[in-house]
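Structure first, commentary second.
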Amino acid sequence: MEDLQREIAAAAVFTDDLPDGFGGSAVPDSIAIDEATDLTDGVPEPGHDTVQERFGSATGSCTSSPSFTSTSSSTSSSDPPIVVGIDQAFLEDAVVSAVVAFRGGRLVERTHAVSPLSIPYIPGLLAFREGGPILDALATLSVDPDLAVLDGSGRIHFRQAGIATHIGVVLDLPSVGVAKSLLCGTPDTDVDGRPEGWSTPIRADGRVEAPAGRTDAVDGTVIGHAFQSRQYPNSRRVNPLYVSPGHRVSAATTVDIVDALCAGYKLPEPTRVADAYADAVKRTIVDS
DNA sequence: GCGACAG
DNA sequence: ATCTTGTCGC
């Protein structure tokens with residue numbers, strides 16, 4: 001598995017190679033999400049510009065019944081880029097993988113898959129446990145994603161092939177990793193109690209190895225950033241997010257993208273909404 | 001052997 | 001990730 005990760009890292013592109021619609025420059029206005037999705041009354045329905053809701057599982061053990069609503073997804077090349085957020089909720093021996101798609105700051109589709117789990121969680125090998133299930137869910141999505149936001153690291157990984165990079169390379173889809181804690185690497189400065197909008201580079205240290213075929217030094221290479229997406233004035237301190245390139249995105253642009261996708265909460269909206277959706281589906285299954 | 005260790 | 005009540009602060 002580790003060798004496969006080395007190959008994935010070698011195939012990964014850690015420079016900007018995003019499709020048109022991202023504005024060309026660093027800050028992607030077209031993907032910004034200004035209004036936080038209201039989750040106080042359960043998971044909101046996708047917008048009506050794209051009416052599509054599917055339930056599927058490419059790996060069996062699906063508890064949902066196939067059901068459609070209609071098919072009017074109009075993905076013109078002139079539309080803003082589609083950003084998908086992915087998150088999971090765990091059952092006994094299965095996992096609910098939720099995918100939500102945003103376009104122009106609006107939720108346009110949501111879908112999920114329930115897949116069996118066989119591999120345990122092992123730091124550094126997360127993609128082998130959750131990657132398949134995520135692909136199951138993405139396979140049921142009707143719109144074509146332009147960018148995927150994964151829950152976990154991308155380049156900030158022992159072999160520079162975290163789950164965000166793994167998924168991105170497998171689908172050759174631009175992707176970014178958003179983790180709530182640091183797997184490896186070293187922050188340039190102390191990350192505690194920083195103001196909103198603050199960020200500092202995370203550099204490769206002795207625990208990070210170079211991609212296959214490369215023997216040059218990696219120590220000191222910027223593999224991601226600690227990014228303070230949210231901070232309260234007089235309340236409890238919020239820890240920063242650890243964002244890193246998945247595939248076809250640079251470390252600097254990754255920060256801009258995550259920043260643009262945050263709408264008042266610590267987590268970017270795609271991730272936050274996917275998390276709520278995954279939990280909702282899980283509850284539906286448990287309460288039966 | 002010991003410590004570190006995404007979700 | 002998940003198990004779980006209250007509780008601090010705006």
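We name chains A, B, ... by the order of the sequence lines, and we start the count at 1 in each one.
One distance of note links CD1 of Ile223(A) with NE2 of His157(A); it measures 10.5 Å at 0.5 Å rounding. For the atom pair OG1 (Thr111(A)) and CD1 (Ile86(A)), the distance works out to 11.0 Å, reported to the nearest 0.5 Å.
Of all the heavy atoms in Leu141(A) and Pro145(A), the pair that sits closest is CD2-CG, 3.6 Å.
With the 3.5 Å cutoff on both pairing distances, Watson-Crick and G-U pairs in DNA chain C never assemble into a run of at least 3.
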(request) Evaluate the criterion salt bridge (Lys or Arg N to Asp or Glu O under 4.0 Å) for residue pair Glu209(A) and Arg6(A); output intermediate values, then yes/no. (result) CA-CA 9 Å; Glu209(A) 57 178 76; Arg6(A) 294 186 177 94; 2.5 Å; yes

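You'll find the ring centres of His166(A) and Phe128(A) inside the 6.0 Å limit.
Relative to the six-membered ring of Tyr265(A), Arg272(A) meets both conditions, a distance below 6.0 Å and an angle of at most 45° to the axis.
Evaluated for a side chain to side chain contact (heavy atoms under 4.5 Å, CB included) with Ile134(A), the options Ile163(A), Val99(A), Val95(A), Val170(A) yield exactly one hit, Ile163(A).
OP1 or OP2 of dT2(C) has at least one side-chain nitrogen or oxygen of Lys282(A) nearer than 4.0 Å.
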(message) Base contacts versus sugar-phosphate-only contacts with protein, heavy atoms under 4.0 Å: please encode nucleotides 1-7 of chain B as B, S and - from 5' to 3'.
(response) ----BBB

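Counting only N and O atoms by type, the side chains of Asp151(A) and Thr271(A) include no donor and acceptor under 3.5 Å apart.
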